[in-house]
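Accompanying notes for the structure given below.
Sequence lines set the chain letters: A, B, ... in the order given, protein chains first and strands last, and positions in each chain run from 1.
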Amino acid sequence: MNMQRFDPSVADGRWQRAWDEARCFEADSASARPKTYVLEMFPYPSGRIHIGHVRNYTMGDVLARYRKMQGFEVLHPMGWDAFGMPAENAAMEKGVHPAGWTYQNIATMKGQLKQLGFALDWSREFATCDPEYYGHEQALFIDLYEADLVYRWTSEVNWDPVDMTVLANEQVIDGRGWRSGAEVEKRKLDQWFLKITQFAEELLAGVQGLENWPAKVRLMQENWIGKSQGLEFSFTLSNGDRLPVYTTRPDTIFGASFVAVAADHPLAQAVAMNNCEAASFIAQCKKGGTTAAELETAEKLGFDTGISARHPFTGANLPVFIANFVLMDYGTGAIMAVPGHDQRDFDFASKYGLPIPRVVAASLEEAAKPFDGEAEAGEGVLVNSGFLDAMSVEEAKREVISRAEAGGWGKGTTVWRLRDWGVSRQRYWGTPIPFIHCPTCGVVPVPRDHLPVKLPDDVDFSTPGNPLLRHPTWKHTHCPKCGGAAERETDTLDTFVNSSWYFLRFASQPKDKPFDAAEVAQWMPVDQYIGGIEHAILHLLYARFWTRALAHVGKLEVQEPFASLFTQGMVTHEVYSRRDGAREVYFTPAEVDRSGQAAVLKADGQPVAIGKVVKMSKSKKNVVDPEDIIREYGADAVRWFMLSDSPPERDLPWSESGIEGCWRFVQRLWRLFGQYDAAAQGEDEGLARKTHQTIAAVAADIEALAFNKAVARIYELTSAAEKSAPSASRNHAIRALLLMASPMMPHLAEQGWA
RNA sequence: GCGGGCGUGGUGAAAUUGGUAGACGCGCGGGAUUCAAAAUCCCGUUCCGCAAGGAGUGUGGGUUCGAUUCCCACCGCCCGCACCA
């Protein structure tokens with residue numbers, strides 16, 4: 001190697017091989033060292049590594065290498081979240097087998113990750129589509145079934161009649177299937193569910209203990225679980241029926257001036273049977289936008305059913321409306337409306353000329369105070385409320401609940417927003433649900449010694465629908481109980497199940513069971529988990545649930561899987577485009593010459609428009625391929641760039657000049673290493689002080705994941721060392737710089753050390 | 001609409017508990033080296049001003065000896081969402 005210049009094309013491969021051969025990064029569960037578990041969210045093998053992966057895994061790698069330097073036994077594994085729709089889409093579009101496509105992608109992406117020199121324990125690598133992994137998953141699913149945490153239930157799904165498949169809500173665009181364009185139908189299907197709601201209380205309480213999670217993510221989890229406490233009671237209707245409603249403000253019951261039910265409430269349906277006006281109103285409710293903003297600003301609309309409801313205390317007759325702002329799937333799908341103290345009810349009452357009584361005021365003297373154009377949801381004392389007058393809101397809530405319970409017409413209830421988790425997918429490329437349907441014995445779990453239930457290889461994607469369902473032989477089997485002819489379950493598990501326990505399998509991977517509890521206890525919880533904010537709710541909640549559920553059935557001791565969570569920002573880039581008639585045509589950064597004032601297309605020398613700096617995405621073509629830049633600048637410059645400048649939680653704008661600056665710094669450090677002078681003597685007090693200050697600061701910055709600040713400190717000490725005359729202190733500064741840079745630029749550091 | 005976050009040079013950003021605003025990087029300007037270039041090195045770079053000096057952390061107030069930091073109001077941007085009774 002040329003001593004004047006650091007050549008990553010030689011050094012990177014050399015050290016990557018050396019680390020592999022010495023098995024430097026294989027974690028020993030039996031080690032006596034203090035242990036730490038650093039984990040980044042494992043990737044979906046979509047084809048190639050993108051720059052977001054590079055940033056994510058570089059951050060984790062710095063921490064893992066830093067901990068190793070501190071003497072920790074570090075578990076830093078990598079694997080593949082390998083089941084999912086894109087593989088089936090590729091199968092349909094390109095005629096390739098999902099397994100072949102997936103494993104090919106894994107091979108490509110693993111090669112790309114290796115080029116970045118990550119300190120990963122590849123000995124623990126697995127893909128969730130490996131039969132060994134999903135077989136253990138099937139065993140865990142049966143464990144949960146036996147613990148009564150799995151059940152079957154008929155629920156409504158979005159059904160694409162052309163593709164013959166269930167669609168997720170996000171795949172339904174304007175009421176049509178995203179691929180087929182066919183009008184989506186609602187269909188009732190027997191589906192498998194996990195009882196996550198049984199853990200709602202502890203999942204919510206557990207959020208409190210997650211001090212090292214971003215406050216934003218904790219809040220999102222709390223809101224998703226959505227606990228509310230109130231009163232459920234029934235109105236007696238003028239037609240003799242009873243109508244259950246739920247309210248979180250039982251204190252305001254004397255302020256109720258009407259009752260409202262959701263458009264798809266049974267009562268609304270019944271009214272529509274012999275009232276076509278009602279039927280058309282209900283149909284109208286089902287149209288319209290579904291985004292939060294549209295819903296919030298939509299006009300409150302109602303239909304008077306002509307039915308009335310008797311107030312439980314006053315005996316007054318309240319009109320019953322069908323209203324567009326009442327949700328069927330929350331509470332009971334019916335409400336008592338208190339316009340004075342709920343804005344939606346206020347808007348509705350104003351529109352339909354209904355009374356707006358005041359039942360809460362700042363003081364008893366203000367009982368007659370008019371409303372100032374909006375509802376008052378705040379604190380105060382009860383007024384105009386009979387026996388509740390002068391009570392606080394909280395006192396009044398308790399009083400109404402206790403009277404309702406004593407009178408037998410209602411009870412205090414906790415309502416959760418969280419729903420049980422439907423895990424059935426009518427697809428091929430997922431974990432087969434290990435159950436058998438027997439006409440005699442019903443639903444029977446597959447015996448454990450028959451696991452894994454493997455996916456058949458010979459499947460046909462030329463016609464729509466679930467290939468498992470129409471496979472000629474796969475589903476035909478015998479009942480484990482009675483031995484009679486029976487059929488396998490052809491649904492597969494939601495891929496979120498795969499990612500709900502993979503961190504346990506990384507920690508411990510015996511052949512004969514999913515994991516060993518004692519070995520898992522050596523590593524869990526994950527000390528630092530790093531990934532994208534897009535997983536703030538579903539993945540993190542499901543993983544928390546699985547961990548608790550497995551602890552509940554005695555398989556685990558930990559309750560919370562991730563002690564610290566960090567959500568990193570995105571990598572962004574300018575967008576280049578040109579108008580072509582009605583269409584906007586996008587160009588990649590590689591196709592554009594950005595050296596002058598304006599951006600011009602290399603192909604024709606004509607200018608292109610410079611758009612906003614946004615997340616790199618294929619559709620906007622503002623992507624940089626990590627492999628290209630690694631080839632050009634080496635792994636260390638790329639890693640250094642990922643850590644420089646922007647704080648890791650914020651977006652990182654990619655720039656060509658930025659990566660070039662990093663490349664220059666790699667060479668600058670290399671030259672400095674070359675100035676290490678074993679013969680140099682003497683103290684340089686100023687430089688020595690600076691060296692120790694830098695060591696302290698860089699350590700603190702890495703601990704806090706403030707990599708941009710650590711980088712700046714290293715720059716400062718580098719400049720100071722360059723300017724100093726040879727001395728023992730300077731040699732020490734150079735060695736310190738090499739060590740401090742090594743988690744970030746490991747190839748350069750190894751080469752320098754050698 | 002509700003909830004959360006953020007506003008600092010041309011630019012990405014720093015700034016322990018309130019104490020020299022702009023560290024460090026990018027870019028830009030000037031110079032050295034070179035036949036020339038690349039690479040490298042040196043100097044400068046918040047704004048106004050020749051200078052002395054003045055202004056300055058989204059805007060307007062406030063607290064304080066002192067505010068990027070704390071409080072109030074407003075403006076702008078970003079993210080999340082569930083009309084949740």
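Side-chain N/O atoms of A:Arg671 include one lying less than 4.0 angstrom from OP1 or OP2 on B:C41.
Listed by chain and number, the residues in a side-chain contact (heavy atoms from CB on, under 4.5 Å) with A:Gln693 are A:Arg689 (sequence neighbours excluded).
With ring centers used as reference points, A:Phe348 lies under 6.0 Å from A:Phe258. For A:Tyr529 and A:Phe566, the distance between ring centers is not under 6.0 angstrom. Taking the ring centroids of A:Tyr542 and A:Trp421, they lie under the 6.0 Å cut-off. With ring centers used as reference points, A:Phe321 lies 6.0 Å or more from A:Phe303. If you look at A:Trp663 and A:Phe6, their ring centroids are not closer than 6.0 Å.
Within 6.0 Å of CZ in A:Arg713 there are 12 or fewer heavy atoms belonging to other residues, nucleotides or ligands. The neighbour count for A:Arg310 CZ, taken as heavy atoms of other residues, nucleotides or ligands under 6.0 Å away, does not exceed 12.
Between A:Arg249 and A:Tyr715, the residue whose closest nucleotide on RNA chain B is further toward the 5' end is A:Tyr715. Judged by closest nucleotide on RNA chain B, A:Lys216 is the one of A:Lys216 and A:Met336 placed further toward the 5' end.
Ion pair A:Arg664/A:Glu660 not flagged as a salt bridge, since none of the NZ, NE, NH1 or NH2 atoms sits closer than 4.0 Å to an Asp/Glu carboxylate oxygen. A salt bridge is absent between A:Glu395 and A:Arg398; no separation between the charged side-chain nitrogens and carboxylate oxygens falls under 4.0 Å. Salt-bridge formation is detected for the pair A:Glu201/A:Lys227: a Lys NZ or Arg NE/NH1/NH2 atom is positioned less than 4.0 Å from an Asp or Glu carboxylate oxygen.
In this structure, A:Met328 places its CE atom 19 Å from P of B:A82, rounding to the nearest Å. We find that CH2 of A:Trp663 is positioned 13 Å from C1' of B:A38, with the value rounded to whole Å. When the C1' atom of B:A39 is taken as reference, atom CG of A:Asp7 falls 15 Å away, rounded to whole Å. Residue A:Glu722 contributes atom CD, which lies 14 Å from atom C1' of B:C24 at whole-angstrom precision. Spacing between atom CZ of A:Arg668 and atom P of B:C24 amounts to 10 Å, rounded to whole angstrom units. The CG atom of A:Leu219 sits 13 Å away from the C1' atom of B:A82 (whole-angstrom rounding). Rounded to an integer number of Å, the gap from CZ of A:Arg713 to P of B:G25 is 13 Å. Between A:Met220 atom CE and B:C79 atom C1' the separation is 8 Å, expressed in whole Å.
Within the structure, every pair that satisfies the side chain to side chain donor-acceptor pair (under 3.5 Å) test and touches residues 332-343 of chain A, not counting sequence neighbours, is listed here: A:Asp342-A:Arg344, A:Gln343-A:Asp347.
In the model, A:Tyr330 has a side-chain atom that pairs as donor or acceptor with a side-chain atom of A:Ser228 under 3.5 Å.
Partner of A:Glu716 under the salt bridge (charged side-chain N to carboxylate O under 4.0 Å, His left out) criterion, out of A:Lys709, A:Lys690, A:Lys723: A:Lys690 alone.
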What N/O pairs connect the protein and nucleotides 10-14 of chain B at under 3.5 Å? Give each pair on its own line.
from, atom 1, to, atom 2, distance (Å)
B:G12, O2', A:Ser646, OG, 2.8
B:G12, N2, A:Asp645, OD1, 3.0
B:A14, OP1, A:Asn708, ND2, 3.1

Check: protein-nucleotides 27-29 of chain B nitrogen or oxygen pairs below 3.5 Å:
from, atom 1, to, atom 2, distance (Å)
B:G27, OP2, A:Arg664, NH2, 3.3

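In the set B:C24, B:C79, B:A85, the nucleotide with an atom closest to the side chain of A:Tyr246 is B:A85. Residue A:Val326 has its side chain nearest to B:A85 when only B:C24, B:C83, B:A85 are considered.
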key: Evaluation steps, side chain to side chain contact (heavy atoms under 4.5 Å, CB included), between A:Val261 and A:Leu243   = CA-CA 9 Å; A:Val261 302; A:Leu243 176 68; 3.9 Å; yes
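Comparing the C1' positions of B:G60 and B:C75 gives a spacing of 10 Å, expressed to the nearest Å. B:C26 and B:A13 have their P atoms separated by 16 Å, with the value rounded to a whole Å. Taking atom P in both B:A55 and B:C2, one finds a spacing of 40 Å when rounded to whole Å. With both ends at atom P, the span from B:G10 to B:C48 equals 9 Å, rounded to whole Å. A gap of 14 Å separates the P atoms of B:C77 and B:U8, to the nearest Å. Spacing of P atoms, B:C81 relative to B:G19, comes out at 37 Å, to the nearest Å. The separation of B:G62 from B:U16, taken at their C1' atoms, amounts to 26 Å, rounded to a whole angstrom. Distance check on atom P: B:G27 versus B:G76 gives 35 Å, rounded to whole Å.
Using cut-offs of 30° and 60° on the angle between ring planes, the pair A:Phe673 and A:Trp670 is perpendicular.
Within 4.0 Å of A:Val415, counting heavy atoms only, lies no atom of the nucleic acid at all. When heavy atoms are screened at a 4.0 angstrom cut-off, A:Gly331 is found touching no nucleic acid atom at all. Using a 4.0 Å heavy-atom distance criterion, A:Leu327 is classed as a base contact.
Its glycosidic angle being more than 90° from 0, B:G53 falls on the anti side.
With pairs defined as Watson-Crick or G-U wobble and both atom distances under 3.5 Å, the stems of at least three pairs that touch RNA chain B come out as B:1-7 with B:75-81, B:10-12 with B:24-26, B:27-32 with B:40-45, B:46-48 with B:53-55, B:58-62 with B:70-74.
Residues of residues 222-236 of chain A having a heavy atom closer than 4.0 Å to RNA chain B, listed by number: A:Asn223, A:Ser228.
Between the side chain of A:Lys300 and the base of B:C83, a donor-acceptor pair under 3.5 Å is found.
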